[in-house]
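Beneath this line is the structure, given in structure tokens, with notes to follow.
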There are 2 protein chains.
Amino acid sequence: MQSRTPAAGRPGRPRSAAADAAILAATRAALVELGWSKLTLGDVATRAGVAKTTLYRRWSGKNELVVDAVAELFDELRLPDRGSLAADIEGVVLQFAAILARPEARSGLMAVVAESTRDEALRERIRESIVERQKRLVIEGRARAQARGELPQEADSTDAARTADLIFDVVAGAVVHRTLVSAEPADETWVRDFTRVLLTGLAARG
Amino acid sequence: MQSRTPAAGRPGRPRSAAADAAILAATRAALVELGWSKLTLGDVATRAGVAKTTLYRRWSGKNELVVDAVAELFDELRLPDRGSLAADIEGVVLQFAAILARPEARSGLMAVVAESTRDEALRERIRESIVERQKRLVIEGRARAQARGELPQEADSTDAARTADLIFDVVAGAVVHRTLVSAEPADETWVRDFTRVLLTGLAARG
DNA sequence: GCCATTACGCTACGGGTCGTAGCGAAAGCC
DNA sequence: GGCTTTCGCTACGACCCGTAGCGTAATGGC
């Protein structure tokens, strides 16, 4: 999670784990109050009750710090077992929407994605800490649906991986766009419409 | 397009239209070279060959300037008439992906969206200049498909508007997520898979 | 218990950007 | 020509950055 795992059996005074938690919490609080652009590391350090130099010893900059602070928010996602693929998708999408409704996620997530377009290492960090970490939901949901007979088995494993990536882009992208760009809530009504389109397509409507 | 239309029949020296174009072009060039966070208004002014004060007279800050600079990029989108809904969608999605592949769009767009989560006026500016402006593509494409009999008529006009919003969120969101977060190209293969899911749904596969 | 080693809090610093103010000159409209 | 507004330029205080240096605190090894 940290910028560099301080290793185990090193001599000297160990890094305070409490400081880590305080810094990440202070970062989220600052994101809520100030947003990305007005967030300063000096302010975060003051909020966390640590010195600015302590913060710089653990994270190389604002980007890396915010990625870690935001990544923690998505770990609470759970794939519910509601008996059908449609209901399972609706459940997890609603959870995702609830996280994106929180201001610390809204302002932080998009900002680091924007920065990552010019920083390969940062993008990889985002992929590992957030995206790849949550792709488990798609894999597990599809396996469960295939066991139920709701989805066909993928013959080729390459095809299967490609489909999983596609679904993840569609689901995450649609919810993010709805929430952040259109600025409308991804509520039950919207999620039901979205799930129907995803499962049965546009032509099957009416 | 500008921060404030300088009105028509005002006395005094009129604002230079050439300066506007030079500033917006310089902004895009700076986005390519520096990205969002390292872009400074002083640097943009120097690139454009104007004084920093001139820039501040027209735009209230970095956010508004970049919105205008990026919005121009999306005006080149055209809805092709390829004879079928699937082919039309593939065509416009590929155009959209091509724009998002350009670095000035990548770093600029996501950054202003991130800032807009804490700035209501900025979000409205984005909606007007970019989102609502391009939603014409969805409206026109659906009307054409309904005329062809590929999509059912919407009984309720409220339903129709809701569906248009949904489609826009799904299409734009998926392409953005694929391009910027997953960092994979939205090429012909991906667009074909995506269009099939959008039109016929997941269950119809295999 | 002593020592080497690392983390910590604090202060201070040069460098850069911000956004604004003030000035004289230029460019339009009456 | 006279009025009005824009333009380029310079200068300014304020803020934040990222780092260096120092004395102190907390470990593990001996």
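Chain letters run A, B, ... following the sequence lines, proteins first and then strands; every chain starts at 1.
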How about A:Gln146 and A:Arg144: does a side-chain donor come under 3.5 Å of a side-chain acceptor?
no

A:Ala51 side chain: which of C:dG9, C:dT20, C:dA7 is closest?
C:dG9

So do B:Trp190 and B:Arg178 actually touch side chain to side chain, heavy atoms under 4.5 Å?
yes

Whole-Å distance between D:dC17 P and A:Glu64 CD?
14 Å

Side chains of A:Thr158 and A:Asp156: any donor to acceptor distance under 3.5 Å?
yes

Using a distance-only criterion (donor-acceptor N/O pair, under 3.5 Å, no hydrogens), is the base of D:dG18 paired with the side chain of A:Lys52?
yes

In whole Å, what is the span from the OH atom of B:Tyr56 to the P atom of C:dG22?
18 Å

Using a 4.5 Å cut-off on heavy atoms from C-beta on, say whether the side chain of A:Leu24 contacts that of A:Trp59.
yes

Does atom CD (B:Glu188) have a neighbourhood of more than 12 heavy atoms from anything else shown, all under 6.0 Å?
no

Please give, in whole Å, the distance from D:dC17 P to A:Trp59 CH2?
16 Å

Short side-chain N/O contact from A:Arg15 to OP1 or OP2 of C:dA7, under 4.0 Å
yes

Kindly calculate the angle separating the two end axes of the helix from C:dG1-D:dC30 to C:dC30-D:dG1, each obtained from five base pairs, and round it to 10 degrees.
30°

Answer yes or no: is there a side-chain heavy-atom contact under 4.5 Å between A:Glu115 and A:Trp36?
yes

Toward the 5' end of DNA chain D, which comes first, B:Ser16 or A:Arg13, by nearest nucleotide?
B:Ser16

Is the shortest side-chain N/O distance from B:Thr53 to OP1 or OP2 of D:dG8 below 4.0 Å?
no

Protein-nucleotide distance (B:Leu55, atom CG; C:dG19, atom C1'), rounded to Å
12 Å

For the pair A:Phe168 and B:His177, name the ring-plane relationship: parallel under 30°, tilted 30 to 60°, perpendicular over 60°.
perpendicular

Under a 3.5 Å cutoff, is there a donor and acceptor pairing between the side chains of B:Ser84 and B:Glu150?
no

Min side-chain heavy-atom separation A:Leu109-A:Leu100 under 4.5 Å:
yes

Mind checking whether B:Phe194 and A:Asp169 have side chains closer than 4.5 Å, heavy atoms only?
no

Using a heavy-atom distance cut-off of less than 4.0 Å, which residues of residues 106-120 of chain B contact DNA chain C?
none

Is the shortest side-chain heavy-atom distance between A:Lys135 and A:Asp165 below 4.5 Å?
yes

Would you jot down, in residue-number order, the residues of residues 33-44 of chain B having a non-hydrogen atom under 4.0 Å from DNA chain C?
B:Thr40, B:Leu41, B:Gly42

